Number of protein chains: 2
Amino acid sequence: MPGRNGRGRIGGRKWQGMVRGCGYRLTIPRRAVMEVLSSTDEHLSAEEVYHRVHDQYPAVGLTTIYRTLELLFGLGLVSRLDFGDGRARYELSAGSPKGHHHHLICTKCRKVIDYTEFIKDELEFLERAEKGLAEKYDFEIRDHVIQFRGLCKDCKDRNNK
Amino acid sequence: MPGRNGRGRIGGRKWQGMVRGCGYRLTIPRRAVMEVLSSTDEHLSAEEVYHRVHDQYPAVGLTTIYRTLELLFGLGLVSRLDFGDGRARYELSAGSPKGHHHHLICTKCRKVIDYTEFIKDELEFLERAEKGLAEKYDFEIRDHVIQFRGLCKDCKDRNNK
DNA sequence: CTTGATAATGGAAATCATTTTCAATAAGAA
DNA sequence: TTCTTATTGAAAATGATTTCCATTATCAAG
């Protein structure tokens, strides 16, 4: 039964407590957006989220989708990604069925590969760097972005032909 | 004589050969944009570049600045950065007086710190990761983005007060 | 289970960065 | 100096995201 989202229930459903706990109400649009993000491993734009939510709840408007994504992003429940195509993209951050991962972006065809390799290696590096930077610059580091950009197999080949 | 840009001449002035070599003409706007980017260590938006160029050459229009930045970015002479404030920012990539560095971004006040520490460490990690990813996904990696995001000293303190 | 205060919503209009259009201009090969 | 054509500038178009504001729905309190 695919689509049931790997490790089960929507990110653990802890998000609801998170939302209520911060004094926000639990509304249809908020549930719907979380539902959509939980049941995909794609990196959806606001409009794409809107379309999917709209299928279930035609009354929900695009404006609300933007507001909701912003809220969830602010709470750290959702990651906002920039792949350089002029629109923000979103994915569940913690509890994502994908786990900790980063992105490999083809600058030609805009394909995005999520990779989880080298993460061990990376965590070591990140830990050292974060600690060092936090100390030296008195910064409270909350997040990091690591992306590799280049040409995917197809675009690379197409270039050389 | 500050402003003369540390290690001297505009990124080595090799860029002109690069531009001509690729069949592009050497024009006032192109020189002016390179001049502006060479003489600052800030991360300028297109509009900011426009204003500075405009001071010297009032005839140059904003559209051309956009086009020029796009061109220079395509040639790899300029890096396009995204700090999440809804506008692209630019800096000289190679030959920059700043050398290889990454960014530490305050998500509250939008201050950006360029850091060069831990780069050695990082290069090792990057090398391994790039090689591994390139192989596994048959990807030609051309660039990477590493950012740390969080709260700077001031915003952190202001939060706790 | 009501009720009421007010957070949240939806649609339309507004913003704002960036892109496109197109006629006028200028770089540079000949 | 001339000519071809890349480049430019101004204005209009675009497209993502935000703002406005009157309406609606959540949920704490009764």
Side-chain angles (χ1 to χ4, degrees), chain A residues 15-36 43-75 77-78 80-90 107 110, chain B residues 15-36 43-75 77-90 110:
Chain A
W15 71 272
Q16 305 192 348
M18 174 98 231
V19 169
R20 294 296 292 87
C22 290
Y24 298 109
R25 296 177 179 175
L26 267 176
T27 66
I28 301 272
R30 285 168 191 173
R31 290 174 205 276
V33 167
M34 281 303 283
E35 177 67 40
V36 163
H43 315 97
L44 302 179
S45 66
E47 193 156 357
E48 287 166 343
V49 172
Y50 167 67
H51 285 311
R52 301 200 184 184
V53 167
H54 202 262
D55 285 346
Q56 279 305 301
Y57 306 95
V60 176
L62 178 56
T63 304
T64 298
I65 299 299
Y66 272 104
R67 275 187 296 229
T68 301
L69 289 169
E70 169 68 26
L71 178 80
L72 297 172
F73 173 63
L75 291 176
L77 293 167
V78 157
R80 176 186 278 153
L81 311 169
D82 171 60
F83 295 149
D85 64 340
R87 76 192 65 194
R89 297 188 166 273
Y90 301 84
T107 51
R110 303 242 159 260
Chain B
W15 70 273
Q16 305 193 345
M18 174 98 230
V19 170
R20 293 300 287 84
C22 290
Y24 298 108
R25 296 177 179 176
L26 266 176
T27 66
I28 302 272
R30 286 167 190 173
R31 290 173 205 274
V33 167
M34 281 302 284
E35 178 68 41
V36 163
H43 315 97
L44 303 178
S45 66
E47 193 157 356
E48 287 167 341
V49 171
Y50 167 66
H51 285 311
R52 300 199 185 186
V53 166
H54 202 262
D55 285 346
Q56 281 303 303
Y57 307 94
V60 177
L62 178 56
T63 305
T64 298
I65 300 298
Y66 273 103
R67 276 187 295 228
T68 301
L69 288 169
E70 169 67 25
L71 178 79
L72 297 172
F73 172 63
L75 291 176
L77 292 167
V78 158
S79 301
R80 176 186 278 154
L81 312 169
D82 171 59
F83 296 149
D85 65 340
R87 76 192 63 196
R89 295 187 169 275
Y90 301 84
R110 304 240 157 261

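Just so you know, these numbers come straight off a predicted model, no measurement behind them. Lettering of chains follows the sequences in order, A, B, ..., and the numbering in each one begins at 1.
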I'd like to check the side chain to side chain donor-acceptor pair (under 3.5 Å) partners of B:E70; sequence neighbours left out, ordered by chain and number. B:R80
Mind checking what makes side chain to side chain donor-acceptor pair (under 3.5 Å) contact with A:D85, not counting sequence neighbours? A:R89
For D:dT18, take OP1 and OP2 only and decide whether either is under 4.0 Å from a side-chain N or O of A:Y66. no
OP1 or OP2 of C:dA27 less than 4.0 angstrom from a side-chain nitrogen or oxygen of B:R20, does that happen here? no
List, one per line, each side-chain donor-acceptor pair under 3.5 Å for residues 16-33 of chain B, sequence neighbours excluded.
residue: B:T27; atom: OG1; partner: B:R30; partner atom: N; Å: 3.4
residue: B:R30; atom: NH1; partner: B:R25; partner atom: O; Å: 2.8

Terminal axes of the helix from C:dC1-D:dG30 to C:dA30-D:dT1 (5 end pairs apiece), angle rounded to 10 degrees, sit apart by 40°
Please round to the nearest 0.5 Å and tell me the distance separating atom [atom1] of [X] and atom [atom2] of [Y].
X: B:L69; Y: B:L77; atom1: CG; atom2: CG; value: 11.5 Å
X: A:W15; Y: A:L72; atom1: CH2; atom2: CG; value: 7.5 Å
X: A:T64; Y: A:L71; atom1: OG1; atom2: CG; value: 11.5 Å

Output the residues of residues 54-62 of chain A in contact with DNA chain C, where contact means a heavy atom of the residue under 4.0 Å from an atom of the strand; sort by number or write none. A:A59, A:V60, A:G61
For B:R89, which contact category applies under a 4.0 Å heavy-atom criterion: base, sugar-phosphate, or nothing? nothing
Dump every N/O contact between nucleotides 1-4 of chain C and the protein below 3.5 Å, one line per pair.
none

Using a heavy-atom distance cut-off of less than 4.0 Å, which residues of residues 23-31 of chain A contact DNA chain D? A:R25, A:L26
Across all chains, not counting sequence neighbours, the ring pair (Phe, Tyr, Trp, His ring centres under 6.0 Å) partners of B:Y66 are none
Rounded to the nearest angstrom, tell me the gap between atom [atom1] in [X] and atom [atom2] in [N].
X: A:L72; N: C:dA8; atom1: CG; atom2: P; result: 12 Å
X: B:Y50; N: C:dT19; atom1: OH; atom2: C1'; result: 16 Å
X: B:D85; N: D:dA16; atom1: CG; atom2: C1'; result: 15 Å
X: A:F73; N: D:dT17; atom1: CZ; atom2: C1'; result: 15 Å
X: B:D82; N: C:dA17; atom1: CG; atom2: P; result: 14 Å
X: A:R87; N: C:dA17; atom1: CZ; atom2: P; result: 19 Å
X: B:I65; N: C:dA17; atom1: CD1; atom2: P; result: 15 Å

Scan nucleotides 20-24 of chain D against the protein and return all N/O pairs shorter than 3.5 Å with their distances rounded to 0.1 Å.
none

Residue B:E47, side-chain heavy atoms: nucleotide from D:dT8, C:dA17, C:dT9 that is nearest: C:dA17
I need the minimum non-hydrogen distance between A:G84 and A:R110, along with the two atoms involved. O-NH2, 3.2 Å
Can you pull the side chain to side chain donor-acceptor pair (under 3.5 Å) pairs that have at least one residue in residues 49-63 of chain B, sequence neighbours excluded? B:E42-B:R52
